[in-house]
2 protein chains.
Amino acid sequence: MSPHRAAEPQHASSGRRAELLALAATLFAERGFVATTVRDIADAAGILSGSLYHHFDSKDSMVDEILRGFLDELFGDYRKIMAAGLAPGDTLRALVVASFESIDRRHAEVAIFLNESKYLAQFERFGYLAERSAEFRTLWTGVLADGVRTGDFRAGMDVEVVYRFIRDTVWVAVRWYRPGGALSARAVADEYLAILLDGIAGRP
Amino acid sequence: MSPHRAAEPQHASSGRRAELLALAATLFAERGFVATTVRDIADAAGILSGSLYHHFDSKDSMVDEILRGFLDELFGDYRKIMAAGLAPGDTLRALVVASFESIDRRHAEVAIFLNESKYLAQFERFGYLAERSAEFRTLWTGVLADGVRTGDFRAGMDVEVVYRFIRDTVWVAVRWYRPGGALSARAVADEYLAILLDGIAGRP
DNA sequence: GTCTATAAAGGGATAGAC
DNA sequence: GTCTATCCCTTTATAGAC
């Protein structure tokens with residue numbers, strides 16, 4: 001509750017810290033977490049590896065901070081959409097668009113989340129990854145089940161299978177989508193929804 | 001061309017070699033290639049790490065042999081399908097079914113191919129991974145483009161985007177599909193095709 | 001085909017000077 | 001906030017005995 005400085009995170013997020021974290025995220029995303037050494041990160045930053053430990057406790061701390069920040073933002077977006085109380089079809093559209101926008105804005109973070117979650121989840125420290133996955137599943141299957149009731153989605157479809165299908169197909173786009181490329185996140189989301197909805201949308 | 005022994009691979013594939021390779025594949029798939037140590041593999045086999053080098057030159061050789069074997073088999077299946085000269089819609093069905101069956105039969109290999117290709121492709125030795133990807137792309141986009149011409153698939157669809165969509169959505173299923181579980185490979189392929197084809201199939 | 005023993009390199013992390 | 005210097009551990013891989 002310090003005066004005159006509202007929006008700044010508490011501990012020395014002096015800019016340099018964020019800068020180093022962004023560099024680490026890029027490397028973790030490109031080479032993989034295990035294959036990236038703290039020396040790689042330091043090299044990219046133009047400092048020596050020992051100096052990194054002035055900013056972070058450990059390599060684990062870095063990826064931890066990256067993932068927590070990303071997930072907080074993503075679930076914040078999701079909760080806003082759910083709170084809007086749209087029809088299931090529109091909620092699904094909004095969730096897909098928000099997800100592709102996060103791939104656009106947080107490309108490295110999404111790649112780390114997709115590629116490293118399984119490895120990291122085995123350590124206690126990253127237990128929140130499993131919790132978030134469960135939350136994620138509850139949210140999406142809820143929307144799908146609602147839509148089956150209202151007739152927005154095809155009657156009799158297997159909600160669990162369709163959920164996994166959507167989850168995987170959305171996030172896996174991070175493998176080829178390039179922010180700033182020919183296709184905007186919105187355009188990809190629309191192309192994706194065109195394929196998806198003509199498949200699962202209920203027909204009268 | 002040694003007599004009396006037809007179907008055996010040339011160098012000491014005495015069974016033990018295949019056994020060790022299967023163990024390594026499981027570990028590479030579960031923990032990731034970089035995170036799996038040769039000691040992990042040796043432990044799983046009940047021998048010491050040095051003993052592994054009686055069978056294999058290096059850790060790289062192991063994953064190399066695993067991937068080559070898998071890709072040879074997969075592309076063999078694909079070529080048989082292409083040689084049958086089916087209509088584009090049926091060719092696509094057959095390719096999808098063959099892919100899900102390979103996820104069923106070669107689960108660990110598919111997981112390694114999906115998760116480690118990007119990392120391995122940076123080394124010269126694994127240059128064939130990029131070649132195979134290109135071959136893969138040519139094959140699938142050819143089928144899709146054919147189908148647009150014949151009317152099997154929706155006119156005006158973006159063949160490149162749909163190709164990436166199919167490629168990613170098929171292989172990413174390895175993340176949740178469990179061989180021997182409630183859903184058979186065939187059942188998953190059918191569910192998948194039901195979603196996919198009602199989205200991209202041309203309507204008269 | 002496996003073990004013993006060990007080399008050589010690279011990994012994460014620390015203490016204290018500047 | 002970064003550097004110097006270095007510790008300690010793990011990793012891949014080898015040589016030769018059994």
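These figures come from a predicted structure and were not determined experimentally.
One finds no side-chain N or O of A:H54 lying less than 4.0 angstrom from the OP1 or OP2 phosphate oxygen of D:dT2. In this model, the phosphate group of D:dG1 is not approached by any side-chain N or O of A:R17 to a distance below 4.0 Å at OP1 or OP2.
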Which atom pairs link the protein and nucleotides 12-14 of chain D when you take only N or O atoms and keep those under 3.5 Å?
residue, atom, partner, partner atom, Å
D:dT12, OP1, B:K59, NZ, 3.1
D:dT12, OP2, B:V38, N, 3.0
D:dA13, OP2, B:Y53, OH, 3.0
D:dA13, OP2, B:K59, N, 3.0

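B:L48 comes within 4.0 angstrom of a base, heavy atoms only.
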Pairs under 3.5 angstrom only: tabulate donor-acceptor contacts from the side chains of residues 85-97 of chain A to other protein residues two or more places apart or in another chain.
residue, atom, partner, partner atom, Å
A:T91, OG1, A:L86, O, 3.3
A:T91, OG1, A:A87, O, 3.1

Quiz: residues 121-130 of chain B side-chain donor-acceptor pairs under 3.5 angstrom, not counting sequence neighbours:
residue, atom, partner, partner atom, Å
B:Q122, NE2, B:Y119, O, 2.9
B:R125, NH2, B:S61, OG, 3.2
B:Y128, OH, B:D64, O, 3.4
B:Y128, OH, B:D64, OD1, 3.0

Please tabulate, for the side chains in residues 182-197 of chain A, all donor-acceptor contacts under 3.5 angstrom to protein atoms that are two or more places apart in sequence or on a different chain.
residue, atom, partner, partner atom, Å
A:S184, OG, A:A187, N, 3.0
A:Y192, OH, A:T169, OG1, 2.3

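The distance from atom CD1 of A:I41 to atom P of C:dG11 is 12 Å, rounded to the nearest whole Å. Protein atom CG of A:D40 is 7 Å distant from nucleotide atom P of C:dG11, rounded to whole Å. Taking atom CG on B:D43 and atom P on C:dC3, their separation rounds to 11 Å, with Å as the unit. Per the geometry, CD1 belonging to B:I47 stands 5 Å off P belonging to C:dT2, to the nearest Å.
Residue pairs meeting the salt bridge (charged side-chain N to carboxylate O under 4.0 Å, His left out) criterion with at least one partner in residues 129-139 of chain A, sequence neighbours excluded, are A:D72-A:R132, A:R79-A:E135, A:R132-A:E135, A:R137-A:E160.
A distance of 4.0 Å separates CD in A:E73 from CZ in A:R106, rounded to the nearest 0.5 Å.
A:D146 pairs by the salt bridge (Lys or Arg N to Asp or Glu O under 4.0 Å) definition with A:R149, not counting sequence neighbours.
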